Amino acid sequence: MLETITATRYVVPLKEGGSLPAVVEGSDDGTWVVKFRGAGQGLKVLVAEVVVGELARALGLRVPALKLVELPEPIAKYEADEEVQDLLTASLGLNLGVDLLPGAFAYDGSQPPPADEAATILWLDAFTANIDRTPHNPNLVRWHGNTWCIDHGAALYFHYSWPSKGSNPERFAAQRFECTSHIMWGVATEAAATHERLSAQVDAQLLERILALVPDEWLEATDAMPTPADVRGAYVENLLARLASPQAWSPAHAEGAR
Ligand SMILES: Nc1ncnc2c1ncn2[C@@H]1O[C@H](COP(=O)(O)OP(=O)(O)O)[C@@H](O)[C@H]1O
Ligand SMILES: [Mg+2]
């Protein structure tokens, strides 16, 4: 599992984030951007953040460190802002901490990453069906001259159909990805070589190692998947099925790819 720390102080909400993330101080003396379990779409967003964020890191991309942040009751109880208090009260337990990159710039495209890094970002998002990395909503920041990937909560959206329809790896495998809407379309090159390089790095062992970082309490059971191990297995199965059908989604197969 990811390392767990305790929140020691709620500092300030991050105004830009739609999911009401906030800056929080931790028991490790670190400063963390916390994504709260009680926000918006709940726990599945946090699972996607960890799975795709750690996959990005494994593929060599820059991603802020991730930790689990235990939110204790007194912090929620003594928060003055009512909206924040409601969010914190709904978020007691384990939340996601993303290491704050102090002074990071919003990514505006004026200093894009090198073409191979751009191609890796595009491939990662196509593979995990992350639709949230567009010119309108880059979810990238520039820090110390490099591009950092943040906010993977929109990826893996197949998990939202699990309670009603169950896991369907073939469906996710065949799901197309609109590469031309991605912020790295036009920066990325070598789509075929990138696919070859990255797909060779993803296997069951890597995915199982990554799923093991997710805490049990975030893995929502369904009738067909009653245990956390079942849910972890379903993520691995869906991603492996997709890996095996690159013609549906890979930038290497996108029309106009360079
Ligand atoms: N680790 C971080 N370091 C610095 N700034 C961050 C970090 N995480 C998020 N931000 C800032 O907060 C904004 C919202 O965060 P994001 O993770 O995209 O939340 P949301 O899920 O609400 O879109 C980002 O666009 C960025 O400006
Ligand atoms: Mg965002």
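Atoms within a ligand are numbered from 1 in the order they appear, just like the ligands themselves. Because the structure is a prediction, the values reported are computed rather than measured.
Nearest to atom 16 (P) of ligand 1 among the protein's heavy atoms is Asp151 OD2, 3.6 Å. Among all non-hydrogen protein atoms, the one lying nearest atom 27 (O) of ligand 1 is Glu16 OE2, 2.6 Å. Protein heavy atom nearest atom 5 (N) of ligand 1, with residue, atom name and distance: Leu100 CD1, 4.4 Å. The single protein non-hydrogen atom nearest to atom 14 (C) of ligand 1 is Gly17 CA, 3.7 Å, given as residue, atom name and distance.
Within ligand 1, counting atoms from 1 as listed, the ones closer than 4.0 Å to a heavy atom of Asn139 are 18 (O). Atoms of ligand 1 found under 4.0 Å from any heavy atom of Leu101, numbered from 1 in the order shown, are 1 (N), 2 (C), 3 (N), 4 (C). Close contacts of ligand 1 with Val98, meaning ligand atoms under 4.0 Å from a residue heavy atom, involve 1 (N). The Val33 neighbourhood of ligand 1 comprises atoms 1 (N), 2 (C), 7 (C), 8 (N), with distances under 4.0 Å to a heavy atom of that residue.
With a 6.0 Å radius and a threshold of 12 heavy atoms from other residues, nucleotides or ligands, Glu190 has its CD atom at or below the threshold. Heavy-atom contacts from other residues, nucleotides or ligands closer than 6.0 Å to CZ of Arg258 number more than 12.
Closest N/O/S atom of Asp151 to the Mg ion (ligand 2): OD2.
Considering backbone and side-chain N/O atoms, Glu49 never comes within less than 3.5 Å of an N/O atom of ligand 1. When only interatomic distances are considered, the shortest N/O to N/O separation between Val141 and ligand 1 does not fall below 3.5 Å.
Arg232 places no side-chain N or O within 3.5 Å of a backbone atom of Glu208 that could act as its donor or acceptor partner.
Leu68 and Leu55 fall within a single hydrophobic cluster, where Ile, Leu, Val, Met, Phe, Trp and Tyr side chains are chained together by heavy-atom contacts under 4.5 Å. No chain of hydrophobic side-chain contacts below 4.5 Å, direct or via other Ile, Leu, Val, Met, Phe, Trp or Tyr residues, connects Leu20 to Val98.
Here Leu14 has side-chain heavy atoms under 4.0 Å from ligand 1, and that is the only part of it that gets that close.
One distance of note links CD of Glu54 with CG of Leu206; it measures 10.0 Å at 0.5 Å rounding.
Taking 4.5 Å as the limit, some side-chain heavy atom of Glu70 sits within range of a side-chain heavy atom of Leu94.
The shell of residues lying under 4.0 angstrom from ligand 1, judged by heavy atoms, includes Pro21.
The distance from the Mg ion (ligand 2) to the nearest N/O/S atom of Asn139 is under 2.8 Å.
A cation-pi geometry, defined here as NZ or CZ lying under 6.0 Å from the six-membered ring centre and within 45° of its normal, does not hold between Arg142 and Phe105.
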Full working for side-chain contact (heavy atoms from CB on, under 4.5 Å) between Arg197 and Thr120: CA-CA 9 Å; Arg197 177 170 60 85; Thr120 302; 3.0 Å; yes
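The heavy atom nearest to atom 1 (N) of ligand 1, considering only Ile150, Asp99, Thr31, is found in Asp99.
Less than 6.0 angstrom separates the ring centroid of Trp249 from the ring centroid of His195.
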